[in-house]
Amino acid sequence: MADLKIRIGELEFKNPVTTASGTFGFGEEYTDFMDLNRIGGIFTKGTTIRHREGNAYPRMAETPSGMLNAVGLQNKGVDYFISSIYPRIKDYDTNIMVNVSGSTIEDYVATAEKVNELDKIPAIELNISCPNVKQGGMTFGVSCAGAAEVVRAVRKAYSKTLIVKLSPNVTDIVSIAQAVEDEGADSVSLINTLLGMAIDAETRKPYLSTITGGLSGPCVKPVALRMVWQVAKTVKIPVIGLGGIMNAADAIEFFLAGATAIQIGTANFIDPAISVKVVEGINEYLDRHGYSSIYDIIGALEA
Amino acid sequence: MADLKIRIGELEFKNPVTTASGTFGFGEEYTDFMDLNRIGGIFTKGTTIRHREGNAYPRMAETPSGMLNAVGLQNKGVDYFISSIYPRIKDYDTNIMVNVSGSTIEDYVATAEKVNELDKIPAIELNISCPNVKQGGMTFGVSCAGAAEVVRAVRKAYSKTLIVKLSPNVTDIVSIAQAVEDEGADSVSLINTLLGMAIDAETRKPYLSTITGGLSGPCVKPVALRMVWQVAKTVKIPVIGLGGIMNAADAIEFFLAGATAIQIGTANFIDPAISVKVVEGINEYLDRHGYSSIYDIIGALEA
Amino acid sequence: MVVSANIPLGSSHFLLKFTHKEKLPEMLPGQFVQVRVDNAPGVFLRRPISVNFVDKQRNELWLLVQKVGEGTRKMSEYKTGDVVNMLLPLGNSFTMPQSTQSRLLLVGGGVGIAPLLYMGSLLKQQGCNPMFLLGARSADGLMQIDDFKQFGDVFITTEDGSAGEKGFVTQHSILQQHIDKIYTCGPTPMMQAVARFAQNNAIECEASLENKMACGFGACLCCVTQTQSGHKCVCSEGPVFNTKELSWQI
Amino acid sequence: MVVSANIPLGSSHFLLKFTHKEKLPEMLPGQFVQVRVDNAPGVFLRRPISVNFVDKQRNELWLLVQKVGEGTRKMSEYKTGDVVNMLLPLGNSFTMPQSTQSRLLLVGGGVGIAPLLYMGSLLKQQGCNPMFLLGARSADGLMQIDDFKQFGDVFITTEDGSAGEKGFVTQHSILQQHIDKIYTCGPTPMMQAVARFAQNNAIECEASLENKMACGFGACLCCVTQTQSGHKCVCSEGPVFNTKELSWQI
Ligand SMILES: Cc1cc2nc3c(=O)[nH]c(=O)nc-3n(C[C@H](O)[C@H](O)[C@H](O)COP(=O)(O)OP(=O)(O)OC[C@H]3O[C@@H](n4cnc5c(N)ncnc54)[C@H](O)[C@@H]3O)c2cc1C
Ligand SMILES: Cc1cc2nc3c(=O)[nH]c(=O)nc-3n(C[C@H](O)[C@H](O)[C@H](O)COP(=O)(O)OP(=O)(O)OC[C@H]3O[C@@H](n4cnc5c(N)ncnc54)[C@H](O)[C@@H]3O)c2cc1C
Ligand SMILES: Cc1cc2nc3c(=O)[nH]c(=O)nc-3n(C[C@H](O)[C@H](O)[C@H](O)COP(=O)(O)O)c2cc1C
Ligand SMILES: Cc1cc2nc3c(=O)[nH]c(=O)nc-3n(C[C@H](O)[C@H](O)[C@H](O)COP(=O)(O)O)c2cc1C
Ligand code: FES
Ligand code: FES
């Protein structure tokens, strides 16, 4: 039984397996299938300052070894989270981290401030891939300046562990990670979804109401691994890796590439108990290879 | 029997189905499996001014619904092409287009000038995704300035149809396409491979000698379709679409998204006769839907 | 779950029967299962299929399936003894009528008849006399008619008139009679026409929707339908909705 | 190609026999086929497998396969009558000896024995007396020994000594005798050891390589090996190379 404990900033995780925002609801959806207390943490559905209806249906299309989604951050707003959801989930024995989204800096800051008050939420994940309404819809996350600006503002307002989630739809994810590190982020998580599109040849229509959407699942794993490896080589803060992890072997690949923790996203839809199985699989791998700690394989790629 | 003829710049194609550079050798490798004269065109293996040994083995890894390659432009150089390969392939009744690669502007220009002299090569495809040695390894294709610079120089040296192949590893492929159009490119082709990585969890080693490599196959189709759609909406020159096309339905999706022609890459490895089957499938689709010309579906997405 | 039978019904439908070594959990009418389709390279997500019937004695679950794409085609090849991974039961359910005296009409179109068989069986068991109105393109598309007849009167429409009355379900003469409540499942345009009829005649109407799903249990928010109170998940807040709740333009 | 038999050989190997309704094309020893493995979601590319034997009378092709991953595992489930898509024949071949009097040793390790059986059969047919030196971890890993015996003398090594001489193939006493030419196929370290032995003793040596392939017919340039004259494609310029040509550090 190897030591699976890891730290991200000030925060300790009983193991490095967490679940990705938007794929795990608020955890409650999974209690029929698994014991939430057995995983390292849960990233909640993206939460915004106000209620959002999200995009029109259809919001999903299956693609080769993956899926596109266009949920569009449907959520009831941070106040509803605080009043109605937080009380139900706060006592799980796992780290519950709120994924904070917004379209303006003020929204991000206001949401982060509210979450900062919640005793049992030790960290937020800043999703900087949402469109920046003020700057004409480009997302904050695709330029160093945009990413730095939003992180700087939130860092001032939020005192606990701040994780910034990076968009892969960029020329140079490393410099964005560095910009975010420079502004005081405690960790970066990557990748968010790749922007993609699907068309029904027979009806000549896009499958999504929004035409384009976010690609996730095993198809994106090679891109995610590459970005995690590039970023982990460069920044000093811990990297949380995700993108297409379907089993323990995939997770190990991310650790070798330099991730300190991983998130499981789309895989939860296919096997709602997968995250617990991945914890077990990592443990088995470490034992089999004679490692005593997960840290023995973090960044241990022989390249 | 619908009309499948299309034009790219001055150049007419008997049908819009071509084969992608690096996946179809110089055509000869496929003559056991299909009749080259039945497809619209062939993009040759990337050709450089001098002989290149390419990268060390291993150069390939299978990934979910795709593959990574790190061939590294192995080729015998443009002079060898002209003296030894060109005479053997020049009389095929299809458009043979040379994929021109280089690490400096001078190399691109010198190669393009030599190919310009070949009567039976009516077009080149400029692969601007190779590392720019002078500017520290960033590829020309990932910045507007870099892309514009190389296209400007080659445009002066090359008088026939000039197709520029774009890299998908960028924040904003539309502005790069525009920059290239402004410099006089007759067409853009997209996408080249996505930069990815694969790791063997058991050996803790990367699968490729170069650690990272180019991702292709059905896994990239959603990203490719999205980029083709974004670019085709914006530029006036014809767009050649590729990335993960495995069958006629996939090809139709690219036409609907705005591609005037398509290229088939990785699919050739799985079915070496696929390109002819795609021609037949497109024809069947047009007939079944009552279209008389391929132009009826180009950009016809109902969005 | 282990396949105990795979019975072709016409050229494009089939009935799968499954047994389980443990006792099947309680399943409600209108609920569905999420089938993991293995060995099908084009199928990444699970496939939602309604509970068609539950035979408690035999500990048996039935799924009635139409072949539409790679997933359902793969399922059509299942053989007795194959082990199939599924999540179940998922979703809400049709609500039982206030009184056994209610005149209940269950309206199904195409493979949408699937959940109505189980619903009909439970209604019958509770002392109701449900009526079934089943529509199809042609006689060839009618399935499980004898099964339905065990639980109530069956009325039929076909678009080509090859069986029952010619036309759409909403044109059937049974609709002239007094009805207290309608349960419906089928293609969306059909359900909307049924909902319109119900609205115009002040009849309670519940419809079972078939939106595209990724998870099937409320986690992804992909499967939403627009309702009077905003977007709701068809998988967890449905698939059954009172049609008054839905924002259908009818 | 239609599967005519699938014969398990120990726990991790199996022999597939295929027939074809048309006459099989001429196949040379050392050539290989590219198998498309359907219904296996993790398998995207074809899988290269050596020609193990060709029975011209029966129009039959044999493939000897080791289960290593999803592709070969799926192949192990093939049943008589299954239709399998494959490209064939691909690659170059072993070269025949100058004289039937040559003392020829065919050295195989693990599943690398596969192409040697067909090569041996043709050598025998042409009047040679080939000798086979076959190595495995243990007796359990020895396959097709009786088939090999039809074509020449068989010598065996196992690492654990459970059959034949204990140790590696390069330690077998047969290597004390005079040999004119060696043909080898097996794990790379084994082939390199054999090549070193051949070099030290001025013996001609041909090795069949097993690099990772995408296309299998010279189009992608993924499968290269470093040679005295630069990178060569193992699929189209190999898989058989004279070991003198290779840039092995031996
Ligand atoms: C709650 C629920 C219950 C269902 N019950 C049944 C049932 O009892 N029997 C049955 O046969 N089917 C049922 N369906 C529909 C079934 O899930 C789809 O037919 C199936 O997922 C198609 O999978 P496929 O791989 O065969 O086709 P795909 O390749 O996924 O799709 C083929 C075609 O069908 C369309 N399609 C795919 N999924 C759906 C969907 N969910 N709704 C409408 N069109 C779709 C696609 O757009 C495409 O055009 C139900 C769906 C839901 C949501
Ligand atoms: C010319 C040639 C002839 C061959 N002949 C035979 C044969 O007659 N019988 C036979 O059983 N096998 C043969 N092989 C090897 C066979 O192709 C691989 O074992 C097979 O592709 C593995 O597929 P998989 O899906 O089962 O495993 P994968 O999941 O692809 O791989 C499982 C493991 O095997 C390794 N592996 C995959 N492909 C190869 C390869 N080509 N070489 C070495 N390791 C590999 C992977 O790295 C991984 O660790 C031959 C290969 C070549 C190139
Ligand atoms: C249906 C769906 C909804 C998502 N919603 C969010 C979200 O609200 N906030 C966010 O940061 N990421 C969101 N994501 C992205 C995932 O958290 C994750 O970054 C991505 O799916 C890649 O990981 P995967 O391949 O393991 O799924 C969503 C993904 C999916 C599939
Ligand atoms: C093995 C291999 C070699 C390639 N070599 C080249 C090349 O030399 N020049 C180039 O522009 N693109 C090259 N490509 C990229 C393809 O032309 C194509 O852009 C990419 O594979 C996406 O298309 P696909 O998914 O249909 O394969 C290569 C791709 C592969 C798989
Ligand atoms: S399918 Fe995921 S919420 Fe309904
Ligand atoms: S495998 Fe493609 S060239 Fe050898």
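By convention in this document, chain letters (A, B, ...) are assigned in the order of the sequence lines, proteins followed by strands, and residues within each chain are numbered from 1. In what follows, every heavy atom counts, from backbone to side chain, and hydrogens, waters and symmetry copies are set aside.
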With a 4.5 Å heavy-atom cut-off, do Phe44(D) and Ile270(B) have their side chains touching?
-> yes
Of the backbone (N, CA, C, O) and the side chain (C-beta and beyond), which part of Asn85(D) lies under 4.5 Å from a heavy atom of chain B, both, or neither?
-> neither
Could you tell me whether a side-chain N or O of Glu62(B) sits under 3.5 Å from a main-chain N or O of Val43(D), the two making a donor and an acceptor?
-> no
Does Arg59(B) reach the main-chain N or O of Val224(D) with its side chain, forming a donor-acceptor pair under 3.5 Å?
-> no
Nearest heavy atoms of His231(D) and Glu53(B), plus distance in Å = ND1-O, 2.6 Å
Are there more than 12 heavy atoms of other residues, nucleotides or ligands under 6.0 Å from atom CZ of Phe33(B)?
-> yes
Closest non-hydrogen atom pair, Met67(B) against Ala214(D) = CE-CB, 3.9 Å
Quick one: closest heavy-atom pair of Tyr57(B) and Cys222(D), and the distance?
-> CD1-O, 3.8 Å
Greatest number of heavy atom pairs closer than 4.5 Å to chain D - which of Gly66(B), Pro218(B), Gly217(B), Gly54(B) = Gly66(B)
Heavy-atom neighbours of Arg88(B) CZ exceed 12 at 6.0 Å | yes
Can you establish whether the number of heavy atoms outside Lys67(D) located under 6.0 Å from its atom NZ is more than 12?
-> yes
To the nearest 0.5 Å, what is the distance between CD (Gln74(B)) and SG (Cys233(D))?
-> 6.5 Å
If one checks every heavy atom of Tyr30(B) against chain D at 4.5 Å, the contacting part turns out to be side chain
Under 4.5 Å from a heavy atom of chain D, the part of Asn55(B) involved = backbone
Should Leu87(D) and Pro272(B) count as side-chain neighbours, where that means a heavy-atom distance under 4.5 Å?
-> yes
